[in-house]
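As the structure is a prediction and not an experimental result, all values here were calculated from the model. Position 1 is the first residue of the sequence; numbering continues from there.
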Amino acid sequence: MLTRTLFVAFATVLLAFLPCTRGSAQVMGNYQQQNNAASFDNYQPQYRAIPRPAKITDNGKLEFTINSLFNKTADSYLAIFSIFQAGTTAETTNSAMNGRVNALVDKLRGLGVADEDIYVDMVNFLPTYAFETEKKIFSKKTLTEVPTGFQLQKNIHIRYKNPELLDQIVTAAATQEIYDIIKVDYQIDRPQDVYVELRKMAFEYLETIKTRYAENGMRLDTMYFTTAENAWVTYPGDRYQSYTAFASQNLSPQQRGDSNVEQAKKPTLRFYNAIPANDYDLVVNPNLLEPAAQFTYSLKVQFTQPERVPGVITEVRTQYYLMTPEGELRPINISKE
């Protein structure tokens, strides 16, 4: 009777959780829902740190890994725009290009961008050709390639500190028919300071581990230990991913019939997918809101017990002596029985 009661209670709880599991897909977002629908069985995290599990090797060595993550917002940003200009002569092409560039630079100055934060990069200057038909008497027509003009491309690099300024920069560029923003780089002034802080945190955390082990009777500080480390950084430009969110109707063969089905073009969307913090022991700035440079540092530690020296058994023997009146010592054998 007791077994049956427990079984019924378990079944009730299981049914209560089923709707929650099914309804959580919308909370995950369309990207996660799409990925799961595509290949749930083969899903693997897109980014994982060095595995953390501690292990004891066959020779009695203890090793584990401390992973740390530092989310660092950019100190400045670098936006790169591409400018294209075509013309019939080299002079007119270059003059038109310089006019657009100078007009944009003037607008950037009005936005507070200093001249030292603007750089114009010459990319290429190429002549263009077309085929001209040449007719000859008593022969086939000939196609001859002749120059028709020039194409000039320059890139303008713009550095700024306030991320909200980018909208105004894009608007200023659009007034000069500059629409191609190639990329935006996130710049960190002193990345070495971040690695110094991560290394310091990892070794401090190692000391807390030693303390906890000692409280449980295992003195790691009496062992020999070796370390290895690994560090890297990923910038937001490498963390944007694309997906397509849509729901299409599935047509049965009867519904399809002999009709041609034309599917609408679905937009491809992009979003910033930061490295998750679940694989890390130490995280600085975990509540990430805006895209940031993500510095990671991994410290691998291996402890080795000192070689045990076999114990030496010392046998203690007692010998009694009798001193004679003449000052002579004579051994006396005393039986333990």
Notebook entry, point to check: How would you list, by chain and number, every residue that makes a salt bridge (charged side-chain N to carboxylate O under 4.0 Å, His left out) with Lys154, sequence neighbours excluded?
Noted result: none
Next item on the list: Taking the side chain as every heavy atom from C-beta outward, state whether Leu220 and Leu62 have any pair of such atoms under 4.5 Å apart.
Entry: yes
Next item on the list: Answer with yes or no whether the hydrophobic clustering places Met97 together with Met122; edges join I, L, V, M, F, W, Y residues whose side-chain heavy atoms lie under 4.5 Å apart.
Entry: yes
Margin query: Just to verify, what does Lys265 make a salt bridge (charged side-chain N to carboxylate O under 4.0 Å, His left out) with, not counting sequence neighbours?
Written below: none
Item checked: Evaluation steps, side-chain contact (heavy atoms from CB on, under 4.5 Å), between Thr234 and Arg239 -> CA-CA 8 Å; Thr234 178; Arg239 296 302 304 173; 3.5 Å; yes
Margin query: Checking the side chain of Asp281 only, and the main-chain atoms of Asn67 only, is there a donor and an acceptor separated by less than 3.5 Å?
Written below: yes
Notebook entry, point to check: According to the ring-ring contact (aromatic ring centres under 6.0 Å, His included) rule, which pairs have a member within residues 102-128, sequence neighbours left out?
Noted result: Tyr119-His157, Phe125-Phe150
Next item on the list: Search all heavy atoms of Leu198 against all heavy atoms of Thr296 and return the closest pair with its distance.
Entry: CD1-C, 4.2 Å
Notebook entry, point to check: Nearest 0.5 Å, what's the OH-OG distance between Tyr205 and Ser68?
Noted result: 11.0 Å
Item checked: Where Val105 and Ile156 come nearest, the two heavy atoms and their spacing -> CG2-CD1, 4.3 Å
Next item on the list: Please examine the side chains of Ile118 and Val113, heavy atoms only from C-beta on, and report whether any two atoms are closer than 4.5 Å.
Entry: yes
Check: Does Leu111 belong to the same Ile/Leu/Val/Met/Phe/Trp/Tyr cluster as Val120, with side-chain heavy atoms less than 4.5 Å apart forming each link?
Finding: yes
Next item on the list: Taking atom types as modelled, find out whether Thr268 and Ser242 have a side-chain donor-acceptor pair closer than 3.5 angstrom.
Entry: no
Output side-chain donor-acceptor pairs under 3.5 Å for residues 167-175, partner residues at least two apart or in another chain, one line each.
unit_1	atom_1	unit_2	atom_2	d
Thr171	OG1	Asp167	O	3.0
Thr175	OG1	Ala172	O	2.5

Check: Do Gln187 and Ser76 have side-chain atoms, one donor and one acceptor, less than 3.5 Å apart?
Finding: yes
Checklist line | Gap separating the CD atom of Gln153 from the CG atom of Asp180, nearest 0.5 angstrom | finding: 8.5 Å
Note to self: Please determine whether the number of non-hydrogen atoms from other residues, nucleotides or ligands lying under 6.0 Å from atom CG of Leu329 exceeds 12.
What the structure shows: yes
Item checked: Shortest non-hydrogen contact from Ala79 toward Leu166 -> CB-CD1, 4.1 Å
Notebook entry, point to check: Taking the side chain as C-beta and beyond, is there a heavy-atom pair between Leu78 and Val184 under 4.5 Å?
Noted result: no
Item checked: 4.5 Å side-chain heavy-atom contact, Tyr243 and Phe271 -> yes
Next item on the list: Enumerate the residue pairs fulfilling salt bridge (Lys or Arg N to Asp or Glu O under 4.0 Å) with a member in residues 77-106, sequence neighbours excluded, ordered by first and then second residue.
Entry: Asp106-Arg109
Checklist line | Between Asn230 and Ser298, a side-chain donor and acceptor under 3.5 Å | finding: no
Next item on the list: Sequence neighbours left out, what passes side chain to side chain contact (heavy atoms under 4.5 Å, CB included) with Thr324? Give chain and number order.
Entry: Glu326, Glu328, Arg330
Next item on the list: Give the cluster check for Ile80 versus Ile181: same hydrophobic cluster or not, with ILVMFWY residues linked at side-chain heavy-atom distances below 4.5 Å.
Entry: no
Next item on the list: Please check if Leu288 and Tyr240 belong to a single hydrophobic cluster, counting links between Ile, Leu, Val, Met, Phe, Trp and Tyr side chain heavy atoms closer than 4.5 Å.
Entry: yes
Notebook entry, point to check: Which is it for Arg270 and Gln241 under the side-chain contact (heavy atoms from CB on, under 4.5 Å) test, yes or no, and what are the steps along the way?
Noted result: CA-CA 5 Å; Arg270 293 170 59 83; Gln241 297 180 356; over 6 Å; no
Check: Is a side-chain donor or acceptor of Asn94 paired with a backbone partner of Ala90 at a separation under 3.5 angstrom?
Finding: no
Check: Who pairs with Arg159 by salt bridge (charged side-chain N to carboxylate O under 4.0 Å, His left out), at least two apart in sequence or on another chain?
Finding: Asp117
Check: Which pairs, with at least one residue in residues 69-83 and sequence neighbours excluded, count as a salt bridge (Lys or Arg N to Asp or Glu O under 4.0 Å)?
Finding: Lys72-Asp75
Notebook entry, point to check: Rounded to the nearest 0.5 Å, how far does NZ of Lys183 lie from OH of Tyr235?
Noted result: 11.5 Å
Check: Hey, are the side chains of Glu63 and Lys300 touching, using non-hydrogen atoms and a 4.5 Å cut-off?
Finding: yes
Checklist line | Partner set under salt bridge (charged side-chain N to carboxylate O under 4.0 Å, His left out) for Glu290, not counting sequence neighbours | finding: none
Margin query: How about CD on Glu177, more than 12 heavy atoms from neighbouring residues, nucleotides or ligands closer than 6.0 Å, or not?
Written below: no
Margin query: Going by side chain to side chain contact (heavy atoms under 4.5 Å, CB included), name the residues that satisfy it together with Ala231, two or more places apart in sequence or in a different chain.
Written below: Tyr195, Tyr297
Item checked: Ala293 versus Val233, closest heavy-atom pair with distance -> CB-CG2, 4.4 Å
Item checked: Interatomic spacing from CG in Asn216 to OG1 in Thr211 - rounded to 0.5 Å -> 11.5 Å
Check: Which residues pass the side chain to side chain contact (heavy atoms under 4.5 Å, CB included) test with Met201, sequence neighbours left out?
Finding: Glu197, Leu282, Val284
Check: Rounded to the nearest 0.5 Å, how far apart are CG of Leu206 and OG1 of Thr208?
Finding: 7.5 Å
Item checked: Beyond-backbone contact of Leu69 with Gln294, side-chain heavy atoms, under 4.5 angstrom -> yes
Notebook entry, point to check: Any chance the side chains of Thr92 and Ser95 put a donor and an acceptor closer than 3.5 Å?
Noted result: no
Checklist line | Where Ile158 and Tyr160 come nearest, the two heavy atoms and their spacing | finding: O-CD2, 3.8 Å
Check: Is the distance between the ring centroids of Tyr179 and Phe81 under 6.0 Å?
Finding: no
Check: Do the side chain of Asn162 and the main chain of Glu164 share a donor and acceptor less than 3.5 angstrom apart?
Finding: yes
Notebook entry, point to check: Can you tell if the side chain of Val196 reaches within under 4.5 Å of the side chain of Lys200, non-hydrogen atoms only?
Noted result: no
Notebook entry, point to check: Can the ring centres of Phe303 and Tyr224 be said to be less than 6.0 Å apart?
Noted result: no
Next item on the list: For the pair Tyr272 (side chain) and Ala292 (backbone), establish whether a donor and an acceptor sit closer than 3.5 Å, ignoring hydrogens and angles.
Entry: yes
Item checked: Ser82 to Ile182 - nearest heavy-atom pair and separation -> CB-CD1, 3.7 Å
Note to self: Can you see whether Phe225 has Lys210 sitting over its ring - NZ or CZ less than 6.0 Å from the centre and within 45° of the normal?
What the structure shows: yes
Next item on the list: Applying side chain to side chain contact (heavy atoms under 4.5 Å, CB included), name anything that partners Thr226, two or more places apart in sequence or on another chain.
Entry: Gln302
Notebook entry, point to check: In Å, rounded to the nearest 0.5 Å, how long is the span from OG1 of Thr65 to CG of Asp279?
Noted result: 11.5 Å
Note to self: What verdict does the side-chain contact (heavy atoms from CB on, under 4.5 Å) test give for Phe84 and Ile178, after you've listed the backbone C-alpha separation in whole Å, the side-chain angles of each residue and the deciding distance to 0.1 Å?
What the structure shows: CA-CA 8 Å; Phe84 177 81; Ile178 302 172; over 6 Å; no
